[in-house]
Amino acid sequence: GGRPRPGAGASGWGPGGWCMSLRLLPVPEGLVGERLDAALARMTGLSRSRAEEICARGGVRVDGREVRKSERLVAGTTLEVDLPDPRPAGPVATPVGGMGLLYEDEDIVVVDKPPGVAAHPSMGWDGPDVLGALAAMRVRVATSGAAERQGIVSRLDVGTSGVMIVAKGERAYSVLKRSFREHVPVKVYHALVQGHLDPSSGTIDAPIGRHPGRQWRMAVVDGGRESVTHYDVMEAMPLANLVKVRLETGRTHQIRVHFSAVGHPCVGDESYGADPALSARTGLRRQWLHAVELSLPHPVTGEWMGFSSPYPADLVRALDALRLP
């Protein structure tokens, strides 16, 4: 059957300043037996990660009972869901100091993302984001994709700086999505990791999924999604290695998770086990991780293009601090 028509309900304010409304969603026959998070995404048009966030916050109930994201839908039931009201059309224009444009044409825009800026709006984030910054620069982006991440084909974490591409047109969006899904782009990062990697060049091949005990973290887990990270040590310091990283896959927090899993977390990344004393010594308030290069075929012309970003000032200062004898 078609998408059920939401019932009316009460409104209120949820985390991150999102206005929430109760919606009653009868479970359609075609989704009986599906996982709640996957089904909720299909029933509402929200992204899968947004649906997971709503479930994790206790925002889905059946007969007043909170339902976990992994539960299977039962025939004849109605979901009571606290859904975010739609934002105004388009992203909210919010100027972001320090965000530069590396390249722009009628199909794509390539940005140099500063740290502390999200790729797109989300329920748990009320700070600046790339889409809002582009709107403030009067840069039009594609309207494809989930409403909150229009034009976004590949994300960088809030605390990761560097090169990021956004689609401006619908054709560019669909071609870029397929290109990233097939691992065509070459993504090169530099990371400063604690300790000394042995061997100095290698591959970390370990599946990544949600951390079983901490909703906002990822981890190496059995049954996770295939994740492959290649690395080469570029410089050895007394307490850390500066590493060139090439991603074969692009999982959430992949570099941070993989280096933490082998005992060498990114300097400053205390969420994944970094030494707070080293963070203090370097002055870092985020992980030392930078998207240095992105190379890929242009989604419309097919021309191979490459973009690069220099280290921001905070990463340069951290390097200088750890190079001191």
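Computed from a predicted model, the values in this text were never measured in an experiment.
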Chemist: Return the CG to CG distance between D269 and L192, rounded to the nearest 0.5 Å.
Modeler: 11.5 Å
Chemist: Where do E71 and E66 come nearest, in terms of heavy atoms and distance?
Modeler: OE2-O, 4.4 Å
Chemist: Determine whether M99 and L134 satisfy the following criterion, side-chain contact (heavy atoms from CB on, under 4.5 Å), listing intermediate values before the conclusion.
Modeler: CA-CA 9 Å; M99 191 179 96; L134 288 175; 4.0 Å; yes
Chemist: In terms of side-chain geometry, is the basic nitrogen of E293 or K187 positioned less than 4.0 Å from the acidic oxygen of its partner?
Modeler: no
Chemist: State, with a plain yes or no, whether a side-chain heavy atom of W304 is found less than 4.5 Å away from one of S295.
Modeler: yes
Chemist: With a 4.5 Å heavy-atom cut-off, do V96 and K113 have their side chains touching?
Modeler: no
Chemist: Can you list every pair that meets side-chain hydrogen bond (donor to acceptor under 3.5 Å, both in side chains) and has a residue in residues 309-322, with sequence neighbours left out?
Modeler: D112-S309, H190-Y311, R286-D314, H290-S309
Chemist: Nearest 0.5 Å, what's the OG1-CG distance between T160 and L289?
Modeler: 4.0 Å
Chemist: How close do A191 and C266 get, counting heavy atoms only, and between which atoms?
Modeler: CB-SG, 4.3 Å
Chemist: Check whether any side-chain heavy atom of L40 lies under 4.5 Å from a side-chain heavy atom of C55, and answer yes or no.
Modeler: yes
Chemist: Would a 4.5 Å heavy-atom cut-off, applied to side chains only, mark T252 and R155 as touching?
Modeler: yes
Chemist: Do S161 and P115 come within less than 4.5 Å of each other through their side chains, counting heavy atoms only?
Modeler: yes
Chemist: Linking I/L/V/M/F/W/Y whenever any side-chain heavy atoms sit under 4.5 Å apart, do M234 and V292 land together?
Modeler: yes
Chemist: Side-chain contact test, heavy atoms from C-beta onward, threshold under 4.5 Å: evaluate it for V221 versus P212 and give yes or no.
Modeler: yes
Chemist: Rounded to the nearest 0.5 Å, what separation is found between the CG atom of L247 and the OG atom of S154?
Modeler: 9.0 Å
Chemist: When clusters are formed by joining ILVMFWY residues with side-chain heavy atoms under 4.5 Å apart, either directly or through shared neighbours, do V163 and W288 land in the same one?
Modeler: no
Chemist: In chain order, what residues pass the side chain to side chain contact (heavy atoms under 4.5 Å, CB included) check against T94, with sequence neighbours excluded?
Modeler: V92
Chemist: Salt bridge (Lys or Arg N to Asp or Glu O under 4.0 Å) between D37 and R48: does it pass, once the steps are laid out?
Modeler: CA-CA 7 Å; D37 50 3; R48 176 73 174 263; 3.5 Å; yes
Chemist: With V130, which of V109, L156, V166 fulfils side chain to side chain contact (heavy atoms under 4.5 Å, CB included)?
Modeler: V166
Chemist: For R61, which residues count as a salt bridge (Lys or Arg N to Asp or Glu O under 4.0 Å) partner, sequence neighbours excluded?
Modeler: E80, D82
Chemist: Mind checking whether E235 and R323 have side chains closer than 4.5 Å, heavy atoms only?
Modeler: yes
Chemist: So, H258 and D205: side-chain donor and acceptor under 3.5 Å apart, yes or no?
Modeler: no
Chemist: Passes salt bridge (Lys or Arg N to Asp or Glu O under 4.0 Å), R246 versus D232? Steps please.
Modeler: CA-CA 9 Å; R246 187 174 64 78; D232 294 282; over 6 Å; no
Chemist: Grab the two heavy atoms, one from A274 and one from Q194, that are nearest each other, plus how far apart they are.
Modeler: CA-OE1, 3.2 Å
Chemist: Please check: side-chain N/O of S227 versus main-chain N/O of R225, any donor-acceptor pairing under 3.5 Å?
Modeler: yes
Chemist: Give a yes or no on whether R140 atom CZ has more than 12 heavy-atom contacts from other residues, nucleotides or ligands under 6.0 Å away.
Modeler: yes
Chemist: Within this structure, what is the NE2-CD distance for the pair H298 and E303, rounded to the nearest 0.5 Å?
Modeler: 8.0 Å
Chemist: Could you tell me whether the side chain of H264 reaches within less than 4.5 Å of the side chain of N241, counting heavy atoms only?
Modeler: no
Chemist: Does a side-chain N-to-carboxylate-O contact under 4.0 Å join D107 and K168?
Modeler: no
Chemist: Mind listing the closest non-hydrogen atom pair of Y173 and A142 along with its distance?
Modeler: CB-CB, 4.1 Å
Chemist: Parallel, tilted or perpendicular, judged at 30° and 60°: which one describes the rings of H253 and Y272?
Modeler: perpendicular
Chemist: Count I, L, V, M, F, W, Y as connected when their side-chain heavy atoms are under 4.5 Å apart, and connections chain through other members. Are L176 and L102 then in the same cluster?
Modeler: yes
Chemist: Evaluate side-chain contact (heavy atoms from CB on, under 4.5 Å) for V300 paired with R171, printing each intermediate quantity in order.
Modeler: CA-CA 8 Å; V300 175; R171 179 181 173 195; 3.6 Å; yes
Chemist: If two hydrophobic side chains count as joined below 4.5 Å and joins carry through other members, does L278 share a cluster with L242?
Modeler: yes
Chemist: Would L315 end up clustered with F259 when hydrophobic side chains under 4.5 Å apart are linked, directly or stepwise?
Modeler: no
Chemist: So V27 and L79, side-chain contact (heavy atoms from CB on, under 4.5 Å) or not? Walk me through it.
Modeler: CA-CA 7 Å; V27 173; L79 304 180; 4.1 Å; yes
Chemist: Can you measure from OG (S279) to CD (Q287) and round to the nearest 0.5 angstrom?
Modeler: 10.5 Å
Chemist: For the residue pair L131 and P121, what are the closest heavy atoms and their distance?
Modeler: CD1-CD, 4.3 Å
Chemist: Going through the distances and angles, do L36 and R72 end up as a side-chain contact (heavy atoms from CB on, under 4.5 Å)?
Modeler: CA-CA 6 Å; L36 171 62; R72 304 285 173 173; over 6 Å; no
Chemist: Can you name the closest pair of heavy atoms from T282 and A318 and give their distance?
Modeler: CB-CB, 3.7 Å
Chemist: Just one of H230, H183, Q254 clears the side-chain hydrogen bond (donor to acceptor under 3.5 Å, both in side chains) bar with E248, so which one?
Modeler: H230
Chemist: Hey, what do you get for CG (L22) to CG (L83), rounding to the nearest 0.5 Å?
Modeler: 8.5 Å
Chemist: Would you say E226 and T249 are linked by a side-chain donor-acceptor pair, where the criterion is simply a distance under 3.5 Å?
Modeler: no
